[in-house]
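Beneath this line is the structure, given in structure tokens, with notes to follow.
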2 protein chains.
Amino acid sequence: MRSYRQWCGLAKALDVVGDRWTLLIVRELLLRGASRYTDLQQGLPGIATNLLADRLRHLESCGVVRREEANPPVATALFSLTPWGEGLRPAMLALGHWAAPMMLKASRQRDTCMGHWLALPLESCLIDRTPSRRAVTLELRTGDDSLLVETSEGGVRVRRGSAAHPDAVIEGPPDLVFGLLVGRTDLAAARAKRLRFEGDVAALRRVQPRAPGARPG
Amino acid sequence: MRSYRQWCGLAKALDVVGDRWTLLIVRELLLRGASRYTDLQQGLPGIATNLLADRLRHLESCGVVRREEANPPVATALFSLTPWGEGLRPAMLALGHWAAPMMLKASRQRDTCMGHWLALPLESCLIDRTPSRRAVTLELRTGDDSLLVETSEGGVRVRRGSAAHPDAVIEGPPDLVFGLLVGRTDLAAARAKRLRFEGDVAALRRVQPRAPGARPG
DNA sequence: CCGCATCCGGGGCGATACTG
DNA sequence: CAGTATCGCCCCGGATGCGG
């Protein structure tokens, strides 16, 4: 990218991650951990392959991404975030949090959706109302993916995976799962729309935020 | 901007503020408050005027920016952030904070610099070590601009302006002022490089962070 | 298959000129 | 002062090719 040539933190950040697709690549690396080129491509529908290669090179040269050849038996390269690259997490959470209202009002019809994309907005929206009690785990199944929501230090951590004995399992289309978790949709109404909920309703109530976020406009 | 068409908070945010120059325009509005077109242009060296117009229209249509004609005697338009637009502040602080190491190592020679740009990284770096004591005010003079740093709720708020009786005044080139405040440069060393410090050194010590931030690479 | 490089058409971007 | 108009260029998007 052309540099803004401004001695300003925000401008410097945008010199590194301001290009189109760049922050979404970082998102994939953050949510997936070390990934192969092809897996990144699959998580970024619509990206041109040369762009992905360009961006990865740029991020590597800036010290955000590390590229390493996997162990000899596996003939593949792995891309992952450096510690400094992981430092982008708060900024990405903040951006996702800011955009949460758009996720609720948006007509999801024309948007592609992958389950693990929910991780960022959920981590910035959900809370732990009773941090002193033992941690609970929710498992989200959105068709293509499986996410774990775990209470942690007054908030929640969200990661891909599944648990042996989650306190509750929520299964359904991503927008319904999201709407239920953030308190936009009632449990009964969600169930009427083919959402499955099994387990402890108290675990759900425990992580739901108190009020919906600010609205645009 | 072309939409990513992903049902993901981060992607939705980038659909709105991911275009080139857009976040920098929001930065100017955040730091300056309601601004005229020309003032924005002057705070964004290098931006093409058609781009500024395009971006402002886009942001207005998205509900981030509000445009209003000033009172009849003044024949000018004013642009300002909507409340939702102001909600971008935490995300911009996080991005600026992430990039702070680049501000220290960067060769500032080729970068243009305006004093009020320091406000974002300072607000995310500085702290108030003794929040129980009465608030203090530092005034920064960087040649083109004057900034006020005020302790507030364990951190600091930074805004343009000057004070009648600040606890300390720091005057000099922006990089020196910044280096001194974040603890990168020693006061004696800074003075040797033509930085002027007047007032209470304790006020400076009170807001300096404990450790420098993480390093890239 | 995996990880790109190359090629090409279209549009976003950068700079200048001009106008109500 | 607050933009619009215009134009060249380069970035981006999409397709294909290609070596390991």
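Residue numbers begin at 1 in each chain, while the letters A, B, ... track the order of the sequences.
Summarising the geometry of A/L181 relative to A/L126, their closest heavy-atom pair is O-CD2, 3.6 Å, with the distance given to 0.1 Å. Of all heavy-atom pairs spanning B/W117 and B/G43, the tightest one is CZ2-O, 3.4 Å.
The interatomic distance linking B/Q41 (CD) with C/dA15 (P) rounds to 12 Å, in whole Å. In this structure, B/D54 places its CG atom 15 Å from C1' of C/dA15, rounding to the nearest Å.
Of the residues in residues 19-39 of chain B, B/D19, B/R20, B/W21 come within less than 4.0 Å of DNA chain C through at least one heavy atom, sorted by number. Contacts between residues 42-53 of chain B and DNA chain C, counted as heavy-atom distances below 4.0 Å, involve B/G46, B/A48, B/T49, B/N50, B/L51.
Contact between the side-chain N/O atoms of A/R55 and the OP1/OP2 oxygens of D/dC12 is found at a separation under 4.0 Å. A sub-4.0 Å separation between OP1 or OP2 of D/dG3 and a side-chain N or O of B/R67 is present. Contact annotation: A/R2 side-chain N/O to C/dA15 OP1/OP2 distance is under 4.0 Å.
Atom CZ of A/F197 sits about 7.0 Å away from atom CG of A/L180, to the nearest 0.5 Å. Here B/L88 contributes atom CG and B/R27 contributes atom CZ; the two are 14.0 Å apart, rounded to the nearest 0.5 Å.
Residue B/R157 places its CZ atom among 12 or fewer non-hydrogen atoms of other residues, nucleotides or ligands, all under 6.0 Å distant.
Each of A/E139, A/E150, A/E123 was compared with A/R159 under the salt bridge (charged side-chain N to carboxylate O under 4.0 Å, His left out) criterion, and only A/E150 meets it.
Taking the six-membered ring where tryptophan is involved, the planes of A/W7 and B/F178 are perpendicular, since the angle between them exceeds 60° and thus also 30°.
With a 6.0 Å cutoff to the six-membered ring centre and a 45° limit on the axis angle, B/R20 counts as a cation-pi contact of A/Y4.
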